[in-house]
Colleague: 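I have a structure I would like to understand better, so I am pasting it below and will then ask my questions one at a time.
Both ligands and their constituent atoms are indexed starting at 1 by order of listing. Note that the coordinates shown come from a computational prediction; the quantities given were computed from them, not determined experimentally.
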Amino acid sequence: MKCELLGLVLGLLIWAVWAMITEGRHRRSEELRQLPPGPKRWPVVGNIFQLGWTPHESFARLARKHGPIMTLWLGSMSTVVVSSSDVAREMFKNHDVVLAGRKIYEAMKGDYGNEGSLITAQYSPHWRMLRRLCTTEFFVTSRLNAMQGVRSRCIDQMVKFVADAGKSDTGAIDVGRFFFLMAFNLIGNLIFSKDLLDPKSERGANFFYHAGKVMELAGKPNVADFLPILRWFDPQGIRRKTQFHVERAFEIAGGFIRERMESMEDGCGKEKRRDYLDVLLDYRGDGVEGPLRFSSRTINVIVFEMFTAGTDTTTSTLEWAMAELLHNPKTLKKLQAELRSVVGGPNKKLKEKDMESLLYLKAVIKETLRLHPPLPFLVPHMAMDSCNMLGYHIPKETQILVNVWEIGRDPKTWEEPLKFKPERFMEPNMVDYKGHHFEYIPFGSGRRMCPAIPLASRVLPLALGSLLHSFDWTLPEGVKPEDMDMSERMGITLRKAVPLKAIPVPYKV
Ligand code: HEM
């Protein structure tokens, strides 16, 4: 232990001296070429101390001073922050390919590697093959239509869980937890056709536990990302712990994969279902852009990524939507009136086909994504080569963060930007989130934008609408809507700092 500490201190000292010498040289050479402007940086740590607990807010404040394209140094990691729709347009329209790389953080690295990972793949033939799989197999309309029953079942289960939990003494439930369970169960069903939350499934519970741990670890700030010498020490143990939980989750998922392969050999079950696991096992590549077949390891990575990409984003959006509605009771009333007039009385159930008539519900989801994008910087991009953007030099391997949180609150674009006003999305020709309107890009834009928009845009209104149709909602005793704590906390996604507690009262006439 003592030796480790001594090694860490010595290593740090040597690195600090080396970094100061090389940094001076590096800075002079970079100054010759014009980087975007930015705040003064400290030796070694750069601008790390300006990050704060809510970096999207800190960066927005800095951008007001230094401009909508700004350079920051997170330790030795050079970062360009994009904070306006005009700069985002320039980035995605004219530099999309060169800026379509990914900055890989420590928690994402490990023996499990990046083979099969779409999120962390650099822009390459391998990425193109995985992306094609997503758009033509997973999130294509025909498959989504065929899986409507799976979504409906998972939502019904959530409504039942909420009804049961609401019968407790206080009746107040942690709303986000129920959305998380629904999202997790839904993805489990889309992939494995299995209810991972079935109380009888020990393997399901263990998978849920380890996947949850990985997401928790991925959301923690890690000093090793900013100071390269610390990577070797992994001082917070984030890489080691992530690796441990990923391996356990892979073992469980590996068991599901093996069982499926055996049942396929027996010719059982397949005619009844075609889930994502069937798609992955049936995959045949050309051996050039992708392998001839996926290994079980690669399938594991793809599967695991669906859980990490899909659960926290969905939960964050739905929890914020509920929080904003309880914070704005008139909006909540208006939405419930719409739901109950379109869907009908308490014995009726919200269906996907009702969505066409539920314009206000869809506007509520859009307004939530404007004010509370779950990924306020998108997923960090990286310059794959140096380029010139708006007259500034962007060196190769620079991290690019697009502050979509700030872009969605820009008073030049949005009237009363801090108000929760779904009505703005009811206006004719209003912007949408498909990546063409750079004032509003909660799913990103260009080549790396979220491939799951077709799934998310079905699940989000269905989940929120079902809970609002089935229950009336009140705040716990003593909490007034205007006193609700609406502050934010940054983890893997942008969550409510204080989890939302509310009481569901079954809808009766
Ligand atoms: C509220 C729901 C969601 C939001 C707001 C959201 C948002 C995003 C954003 C901002 C990105 C990064 C775009 C960029 O870097 O330019 C992304 C990427 C991605 N999302 Fe989503 N997402 C959501 C739901 C989902 C779901 C349900 C899944 C899968 C089940 C999913 C799978 C992915 C994947 C695989 C990527 C990586 C794409 C790539 O790197 O090429 N997302 N998402």
Side-chain angles (χ1 to χ4, degrees), residues 56 82 88 91-92 95-97 99-104 108 114 116-124 126-135 137-139 143-144 147 150-151 154 179-180 182-191 211 215 275-276 301-321 365-366 368-382 399-405 407-408 433-435 438 440-464 492-495:
H56 52 288
V82 170
M91 167 176 168
F92 290 114
H95 306 277
D96 192 37
V97 173
L99 301 181
R102 281 280 187 237
K103 196 80 195 171
I104 317 279
M108 302 168 175
N114 290 341
S117 166
L118 175 64
I119 301 182
T120 64
Q122 297 305 343
Y123 181 68
S124 60
H126 181 69
W127 170 84
R128 263 197 301 279
M129 175 274 295
L130 292 169
R131 181 88 191 185
R132 207 176 311 121
L133 190 75
C134 268
T135 47
E137 292 284 355
F138 295 166
F139 306 123
R143 178 141 358 251
L144 289 176
M147 290 181 142
V150 176
R151 290 190 290 280
C154 293
F179 286 133
F180 186 84
M182 180 280 297
F184 192 87
N185 207 25
L186 173 64
I187 294 177
N189 268 290
L190 293 176
I191 298 173
M215 285 185 244
D275 55 22
Y276 291 180
V301 174
I302 299 175
V303 161
F304 200 67
E305 193 155 280
M306 288 290 152
F307 282 97
T308 45
T311 43
D312 231 44
T313 44
T314 304
T315 308
S316 153
T317 310
L318 291 169
E319 187 186 27
W320 276 116
I365 295 290
K366 288 182 182 163
T368 305
L369 286 166
R370 178 185 72 83
L371 274 176
H372 308 286
L375 299 168
F377 293 124
L378 305 179
V379 177
H381 284 229
M382 187 186 76
Q399 165 172 245
I400 316 288
L401 300 179
V402 183
N403 195 342
V404 292
W405 180 89
I407 293 174
Y433 47 53
K434 307 245 173 79
F438 298 94
Y440 180 58
I441 44 173
F443 290 95
S445 176
R447 285 167 176 74
R448 297 299 305 229
M449 79 181 287
C450 180
I453 296 180
L455 174 64
S457 56
R458 289 172 192 228
V459 173
L460 295 171
L462 189 66
L464 182 68
I492 191 171
T493 59
L494 190 61
R495 295 292 297 271

Colleague: Between T311 and A183, is there a donor-acceptor pair closer than 3.5 Å when you use the side chain of the first and the backbone of the second?
Modeller: no
Colleague: Identify the closest protein heavy atom to atom 16 (O) of ligand 1: which residue and atom is it, and at what distance?
Modeller: H381 NE2, 2.8 Å
Colleague: By number and element, which atoms of ligand 1 are closer than 4.0 Å to a non-hydrogen atom of L460?
Modeller: 1 (C)
Colleague: Applying a strict 4.0 Å limit to heavy atoms, is W127 in contact with ligand 1?
Modeller: yes
Colleague: For atom 37 (C) of ligand 1, what is the closest protein heavy atom, and at what distance to 0.1 Å?
Modeller: I119 CG1, 3.6 Å
Colleague: R151 versus N189: any side-chain heavy-atom pair under 4.5 Å?
Modeller: no
Colleague: Just wondering, do L455 and M147 contact through their side chains at under 4.5 Å, heavy atoms?
Modeller: no
Colleague: Quick check: do T317 and F179 have side-chain heavy atoms less than 4.5 Å from each other?
Modeller: no
Colleague: Check for me whether E305 has a heavy atom closer than 4.0 Å to any atom of ligand 1.
Modeller: no
Colleague: Does ligand 1 have an atom that lies less than 4.0 angstrom from a heavy atom of V402?
Modeller: no
Colleague: Under 3.5 Å, N or O to N or O, is S445 touching ligand 1 that way?
Modeller: no
Colleague: Under 4.0 Å from a heavy atom of P374: give me the atoms of ligand 1 that qualify, with their elements.
Modeller: 5 (C)
Colleague: Classify the angle between the aromatic ring planes of F180 and F184 as parallel (below 30°), tilted (30 to 60°) or perpendicular (above 60°).
Modeller: parallel
Colleague: Closer than 4.0 Å to some heavy atom of M306 - which atoms of ligand 1 meet that?
Modeller: 29 (C), 30 (C)
Colleague: I'd like to check L371 versus W320 (side-chain heavy atoms, cut-off strictly below 4.5 Å). Are they in contact?
Modeller: no
Colleague: With distance as the sole test, does R143 use its side chain to make a donor-acceptor pair with the main-chain N or O of F138 at under 3.5 Å?
Modeller: no
Colleague: Which protein heavy atom lies closest to atom 1 (C) of ligand 1, and at what distance to 0.1 Å?
Modeller: T317 OG1, 3.3 Å
Colleague: Of all the non-hydrogen atoms in the protein, which one sits nearest to atom 13 (C) of ligand 1, and at what distance?
Modeller: R448 O, 3.2 Å
Colleague: Hey, is the main chain of P380 close enough, under 3.5 Å, to the side chain of Q399 for a donor-acceptor pair?
Modeller: no
Colleague: Please work out, at 4.0 Å between heavy atoms, whether the side chain, the backbone, both, or neither of L118 comes within that distance of ligand 1.
Modeller: both
Colleague: Side chains of L401 and K103, heavy atoms from C-beta outward: is any pair under 4.5 Å?
Modeller: no
Colleague: Applying side chain to side chain contact (heavy atoms under 4.5 Å, CB included), name anything that partners S445, two or more places apart in sequence or on another chain.
Modeller: F92, F438, I441
Colleague: Using 30° and 60° as the class boundaries, would you call the ring planes of Y433 and Y440 parallel, tilted or perpendicular?
Modeller: tilted
Colleague: When you measure from atom 15 (O) of ligand 1 to each heavy atom in Q122, R102, R128, which option holds the nearest one?
Modeller: R102
Colleague: Evaluate the side-chain proximity of L118 to I302: yes if any heavy-atom separation is below 4.5 Å, no if none is.
Modeller: no
Colleague: Mind checking whether P451 and R131 have side chains closer than 4.5 Å, heavy atoms only?
Modeller: yes
Colleague: So V402 and H381, do their side chains get closer than 4.5 Å, heavy atoms only?
Modeller: no
Colleague: Which ligand 1 atoms are under 4.0 Å away from a heavy-atom of P442?
Modeller: 5 (C), 7 (C), 10 (C)
Colleague: From atom 29 (C) of ligand 1, work out which of Y123, F139, F307, Y276 has a heavy atom at the shortest distance.
Modeller: F139
Colleague: Considering heavy atoms of the protein only, find what lies nearest to atom 12 (C) of ligand 1 and give residue, atom and distance to 0.1 Å.
Modeller: V379 CG2, 3.5 Å
Colleague: Can you list the protein N, O or S atoms less than 2.8 Å from atom 21 (Fe) of ligand 1?
Modeller: C450 SG
Colleague: Who's the nearest protein heavy-atom neighbour of atom 38 (C) of ligand 1, and how far?
Modeller: R131 NH1, 3.5 Å
